[in-house]
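First the structure, in the form of structure tokens, and then the observations on it.
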Amino acid sequence: MTSAIQAHGLAKRFGETAALTSVDLDVEAGTVLGLLGPNGAGKTTVVRILATLLRPDAGQAFVHGHDVVRSPDRVREVIGLTGQFAAVDDSLTGVENLLFLGRLLGRSRADSRGTALNLLGRFGLSDAADRPAKTYSGGMRRRLDLAACLVGEPQVIFLDEPTTGLDPNARDQLWEIIRGEVRRGVTVLLTTQYLEEADRLADDIVVIDHGSVVAQGTPQTLKREVGRPTLQVRPLDGAELARVAALVTEVIGEHTIDGRLVKARVRDTAALSTVVRRLDEAGIEVAELSIREPSLDEVFKQLTVTGAPV
Amino acid sequence: MTAIAEPAARSARRRGPAAAVRQSATVAWRQLVQIKHSPETLVEVGIQPVIFVFLFAYVLAGQMAGSRHAYLQFVVPGLIVQSTVLVTARTAIGMNTDVAKGLFDRFRSLPISRTAPLIGRILADYVMLVWSVVLLLACGMLLSFRIETSWNRLIPMFLLLLVFSFALSWASVLAGLLAKDPENVQALAFGLMLPLTFISDAFVRVETMPGWLQAVVKVNPVSMLADSIRGLLVGGPVAEPVTRTLIASAVLFVVFAPLALRAYHRER
């Protein structure tokens, strides 16, 4: 595996507050890492350290093998950054915004213009190319901002809450663009408060809260391992509830009663067949017997409320 | 782990003094394109000196010097300095707006010279300064101000304004980077700039002030620059005030440029 981003034990304090206590990351080249966490979890601090805007107090980070503290210029050669607020110049047109960055990065006027028009076309902004950015909608501004971060043809891009404040339509468009960049081989680290976003875009998710990693894995493993599936049994006869509960506890080791349902969070879905067999042996008829996968939302709440893996 | 090699040619184009100059020019170009899109900026910048010339010529001239012409000969160079100081204050506001919008974060994440975004803005604001001074001189002449030396003395005057405003801009850049929001900068900049221009001999002869204040006025760089411009355009000593202005500019630069650069690199 080729790592595009690696971080070990990143820590950062701002005065009295510890923004990060210890964060480790490893992002494989060409993949998307979703850095998930509530407001104030430290997501932006991680991005700013990786993008060379902030020095960590402790720990090390490498982007394409370059140390972000020792050789920030080498890191800047390969990264693109879009912050939480679209960093476009409102009074300039779309094409001028991109032309400006192309020229700043040392390209010829013709080359810069070509790149600008190409990016605007790819991001559905051709029609608005010659309008000042202040006339753009929120979604268009975000797309222009993303285009701006791609002018230098970065191999790693950092997207800090790229879709915050966008309507679902604009958000879907932006997601599609991000997927397109990944198909071109770009590595993406995106921060988000939205599980759906992480679930839809990310190959791997790192959940952080209070400045440290509380869980990581693919969306599937997080759902499976951290939030365990729930077995639900509803006996046909409500009077059998207590017997069912006792039986479930015997097999799985726990139960909760919710109305006419007996619920238990299972470690192993094989428990399901054991429960079925035992219910059958006991002669209890059931109206419903199911396994429900947890939603990523439940996982996220569990992780960030308790602050520790369940 | 494999590091993907960056073409060496591209890296070279982004570093070194030549690249820094080109990048500064690009940042300045951005500012000028902004003016193209909102020409009202030119009115905003121009209106203040115009109002001041008329105000001083009609409201204050009689009290100050008896005749309008006599007072304009004295005060127009002072107003040029005031314009310089006010245009410099704009640098702070623009700088702060760019910081607030996240544009500086983007600049800092790019493989470009660290000073180019600052120098580019200072250069662009010099264009604004030239515009406001030209407007001011035109209005002054309309109201009977005359260049008594020679028109070609405007060249050293503009060069001196460039040196002085470049030096003072770093103080402005510092204010722009440190202040919380543009309103805050405005209050800070004007809170400092107004006493700086009024506790000088820009508008009033220093002999009319109490002795202790005269001491302050004489070390105020605004007085030095006003005296230089008087010497250049109206007549009188030139070498001495110009030398003093250049020394003051050097001091401003040496003090504020490192502080501004530190604030720029400082973590936000």
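Throughout, a chain's letter reflects where its sequence line sits, starting with A, and its residues are numbered from 1. These numbers come from a predicted model, not from an experiment.
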(request) Please check if the side chain of B:R30 supplies one atom and the backbone of A:L92 the other of a donor-acceptor pair under 3.5 Å. (result) no

(request) Mark yes or no for whether B:R108, through its side chain, and A:A51, through its backbone, hold a donor-acceptor pair below 3.5 Å. (result) no

Identify the two heavy atoms, one from [X] and one from [Y], that lie closest to each other, and give their separation to 0.1 Å.
| X | Y | answer |
| --- | --- | --- |
| A:E77 | B:P111 | OE2-CB, 3.6 Å |
| A:R48 | B:D105 | NH1-OD2, 2.9 Å |
| B:R106 | A:A148 | NH1-CB, 3.3 Å |
| A:L104 | B:I112 | O-CG2, 3.5 Å |

(request) Check each atom of A:V63 against the heavy atoms of chain B and say whether the ones under 4.5 Å are side chain, backbone, both or neither. (result) neither

(request) Examine whether an atom of A:N97 lies under 4.5 Å from a heavy atom of chain B, and if so say whether it belongs to the side chain, the backbone or both; otherwise answer neither. (result) neither

(request) Any chance you could measure A:E96, atom CD, to B:K36, atom NZ, to the nearest 0.5 Å? (result) 4.5 Å

(message) Could you check whether any side-chain heavy atom of A:R76 comes within less than 4.5 Å of a side-chain heavy atom of B:L110, counting everything from C-beta outward?
(response) no

(request) Check the angle between the aromatic planes of A:F100 and B:F107 and answer parallel, tilted or perpendicular using the 30° and 60° thresholds. (result) perpendicular

(message) Is it true that, when you exclude B:I47 itself, more than 12 heavy atoms of the residues, nucleotides or ligands shown sit nearer than 6.0 Å to its CD1?
(response) no

